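The structure appears right after this line, and notes come after that.
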Amino acid sequence: MRDIPLSGMGADAGAVLEYYGALLKRYGPQGWWPILDLHHARKGVNPTKSGSINGYHPGDFSYPRSEAQRFEICIGAILTQNTAWPNVEKALLNLKQLDCLDSGRLLALSEEILKGAIRPAGYFNQKARKLKVFAEFYASLKGRAPSRGELLGLWGVGPETADSILLYAFRVPVFVVDAYTRRIFSGMGWFEKDAEYESIRSFFESSLDGDYKLFQEYHALIVEKGKRMRAEVVKK
DNA sequence: TTCCAGGCAATAC
DNA sequence: GTATTGCATGGA
């Protein structure tokens with residue numbers, strides 16, 4: 001299996017930044033990661049955004065603004081594994097209703113209550129276990145940021161989830177690779193469909209000279225593009 | 001009705 | 001190391 005994204009196939013650092021600019025111009029700032037409660041007016045929400053438009057904050061990179069929001073992002077990253085965001089939103093709202101968007105309170109929940117709450121997000125048996133494992137780890141951090149290795153060592157946290165948590169909950173400039181990233185860029189001939197996660201990640205990270213804001217926006221734009229591509233296919 | 005979403009772990013070779 | 005399979009809800 002090929003594991004190096006090959007400059008020979010048309011991708012270089014300039015192209016990476018250029019494509020980011022094109023996506024931003026076309027779709028506008030995305031305002032990821034979505035947060036349940038934005039305590040300010042959602043000025044500038046892009047009304048043409050596909051899927052749920054709740055909780056986005058275009059052009060505002062100040063989230064998370066609290067420990068509770070940081071934990072909420074982490075939980076959302078786990079719940080959205082292979083799952084549509086509107087379903088995740090339902091699960092998060094249920095947890096919020098229980099006042100359990102908090103590592104300690106989530107740990108105190110019974111299995112049955114927890115599974116019931118996250119049921120809309122699918123895979124609720126597995127995800128209940130994943131959330132418990134993560135909540136325990138999160139509590140043990142006592143406010144410090146986790147390393148990528150620590151996250152990957154957790155049962156239920158793979159590379160995409162780890163990188164989403166680092167990027168959106170802890171503002172670490174990492175490039176998140178997801179199914180859309182593979183689809184879009186392999187379609188453009190930048191690398192093979194089955195390229196290794198790590199080789200894609202290192203390719204983008206070494207090509208981009210920017211802070212966490214650039215990485216947050218780039219990933220969000222890729223997802224938006226990917227969703228629209230799918231919508232186009234379905235329409236036909 | 002079928003298809004599939006902002007993956008991951010377990011298993012089989 | 002590579003390929004396959006189970007996990008589950010809700011919207012299109």
Side-chain angles (χ1 to χ4, degrees), chain A residues 1-4 23 27 30-36 46 49-57 63 72-95 111-112 114-134 137 148-169 174-186 192-201 204 215-236:
Chain A
M1 176 186 292
R2 183 130 233 134
D3 74 30
I4 303 294
L23 288 175
Y27 301 127
Q30 299 299 302
W32 275 39
W33 188 278
I35 301 285
L36 284 185
N46 181 352
K49 174 178 268 305
S50 57
S52 171
I53 62 167
N54 299 321
Y56 296 90
H57 38 90
Y63 294 91
E72 177 190 325
I73 292 170
C74 297
I75 293 309
I78 291 170
L79 290 174
T80 198
Q81 291 169 1
N82 203 37
T83 300
W85 185 258
N87 290 355
V88 176
E89 210 171 56
K90 292 181 178 70
L92 288 174
L93 283 168
N94 289 340
L95 288 174
E111 291 278 317
E112 290 321 296
L114 177 57
K115 287 179 181 177
I118 67 173
R119 192 179 186 93
Y123 308 125
F124 56 85
N125 290 302
Q126 291 195 354
K127 284 176 178 174
R129 181 179 166 198
K130 292 179 182 182
L131 293 190
K132 290 276 190 178
V133 167
F134 185 83
F137 170 72
R148 189 165 191 270
E150 286 175 317
L151 290 170
L152 289 175
L154 299 174
W155 188 88
V157 176
E160 183 187 340
T161 305
D163 289 337
S164 293
I165 288 171
L166 288 172
L167 178 60
Y168 291 105
V174 294
F175 189 89
V176 179
V177 178
D178 63 10
Y180 290 135
T181 311
R182 290 175 187 283
R183 212 169 299 159
I184 292 169
F185 293 102
S186 64
E192 305 292 328
K193 290 190 301 294
D194 55 358
E196 299 280 332
Y197 184 98
E198 287 303 323
S199 64
I200 297 175
R201 183 171 81 89
F204 279 97
F215 288 90
Q216 288 187 350
E217 196 64 58
Y218 208 156
H219 173 63
L221 284 164
I222 286 168
V223 175
E224 180 63 17
K225 164 100 181 154
K227 284 178 176 173
R228 293 190 188 222
M229 284 170 64
R230 172 147 212 300
E232 283 304 310
V233 172
V234 170
K235 207 166 64 178
K236 287 179 187 169

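Each chain gets a letter, A, B and so on, in the order the sequences are listed, and its residues count up from 1. This one's a predicted model, so the numbers in the text were calculated from it and none came from an experiment.
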Enumerate donor-acceptor pairs with a distance under 3.5 Å from any side-chain N or O in residues 153-162 of chain A to protein atoms, sequence neighbours excluded.
{"residue": "A:T161", "atom": "OG1", "partner": "A:Q81", "partner atom": "NE2", "Å": "2.9"}

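The closest side-chain heavy-atom distance from A:R228 to A:Y27 is below 4.5 Å.
Whole-Å rounding puts the A:K193 NZ to C:dA3 P distance at 12 Å. Distance A:I200 CD1 to B:dG7 C1': 14 Å, rounded to the nearest Å. For A:K227 and B:dC4, the NZ to P distance is 17 Å, given to the nearest whole Å. Distance CD1 (A:I118) to P (C:dA8): 9 Å, rounded to an integer number of Å. To the nearest angstrom, P of C:dG10 lies 12 Å from NZ of A:K127. Between A:L152 atom CG and B:dC8 atom P there is a gap of 9 Å when expressed in whole angstrom units. B:dC8 atom P lies 12 Å from atom CD of A:Q126, rounded to whole Å. Going from atom CG of A:L151 over to atom P of B:dG7 covers 17 Å, rounded to whole Å.
Residue-level contact check: A:L154 touches the backbone only, with heavy atoms under 4.0 Å from sugar-phosphate atoms and none from bases. No engagement by A:V88 is indicated, since no non-hydrogen atom pair under 4.0 Å with the nucleic acid exists. Across all strands, A:E160 comes closer than 4.0 Å only to sugar-phosphate atoms, never to a base (heavy-atom distances). Across all strands shown, A:A179 has heavy atoms under 4.0 Å from sugar-phosphate atoms exclusively, and none from any base.
With respect to A:V176, the side-chain contact (heavy atoms from CB on, under 4.5 Å) criterion is satisfied by exactly one of A:L167, A:L166, A:I165: A:L167.
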**side-chain contact (heavy atoms from CB on, under 4.5 Å) assessment of A:L79 paired with A:I118** = CA-CA 8 Å; A:L79 290 174; A:I118 67 173; 4.2 Å; yes
**Request:** Take A:V174 and A:F215 through the side-chain contact (heavy atoms from CB on, under 4.5 Å) test and state the conclusion after the steps.
**Result:** CA-CA 6 Å; A:V174 294; A:F215 288 90; 5.9 Å; no
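DNA chain B is contacted by both A:V157 and A:Y168; A:Y168 maps to the nucleotide lying nearer its 5′ end (nearest heavy atom per residue). Residue whose closest nucleotide on DNA chain C sits further toward the 5' end, between A:N82 and A:K90: A:N82. Between A:K130 and A:R183, the residue anchored closer to the 5' end of DNA chain B is A:R183, taking for each the nucleotide with the nearest heavy atom.
Ring-plane geometry between A:F204 and A:Y218 is classed as perpendicular, the angle between the planes exceeding 60 degrees on a 0 to 90 degree scale with a lower cut at 30. Using the six-membered ring where Trp is involved, A:W32 and A:Y56 have ring planes that are tilted, between 30° and 60° apart.
With distances taken from any side-chain atom of A:R230 to the nucleotides C:dT9, B:dC8, B:dC4, the minimum falls on B:dC4. Nearest to the side chain of A:Y123, among C:dT9, B:dG7, B:dC4, sits B:dG7.
Minimum interatomic distance between A:G116 and A:P120 (heavy atoms only, all atoms of both residues): O-CD, 4.3 Å.
At the phosphate of B:dG7, neither OP1 nor OP2 sits under 4.0 Å from any side-chain N or O atom of A:T80. For the OP1/OP2 pair of C:dA8 and a distance below 4.0 Å, the side-chain nitrogens and oxygens of A:N125 include at least one atom meeting the criterion.
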For nucleotides 10-13 of chain B, list the nitrogen or oxygen atoms of the protein found under 3.5 Å from its nitrogen or oxygen atoms, one pair per line.
{"residue": "B:dA10", "atom": "OP1", "partner": "A:W155", "partner atom": "NE1", "Å": "3.2"}

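For the C1' atoms, the distance linking C:dA3 with B:dA5 amounts to 22 Å, nearest Å. For the C1' atom pair drawn from B:dA9 and C:dG10, the interatomic distance equals 24 Å after rounding to whole Å.
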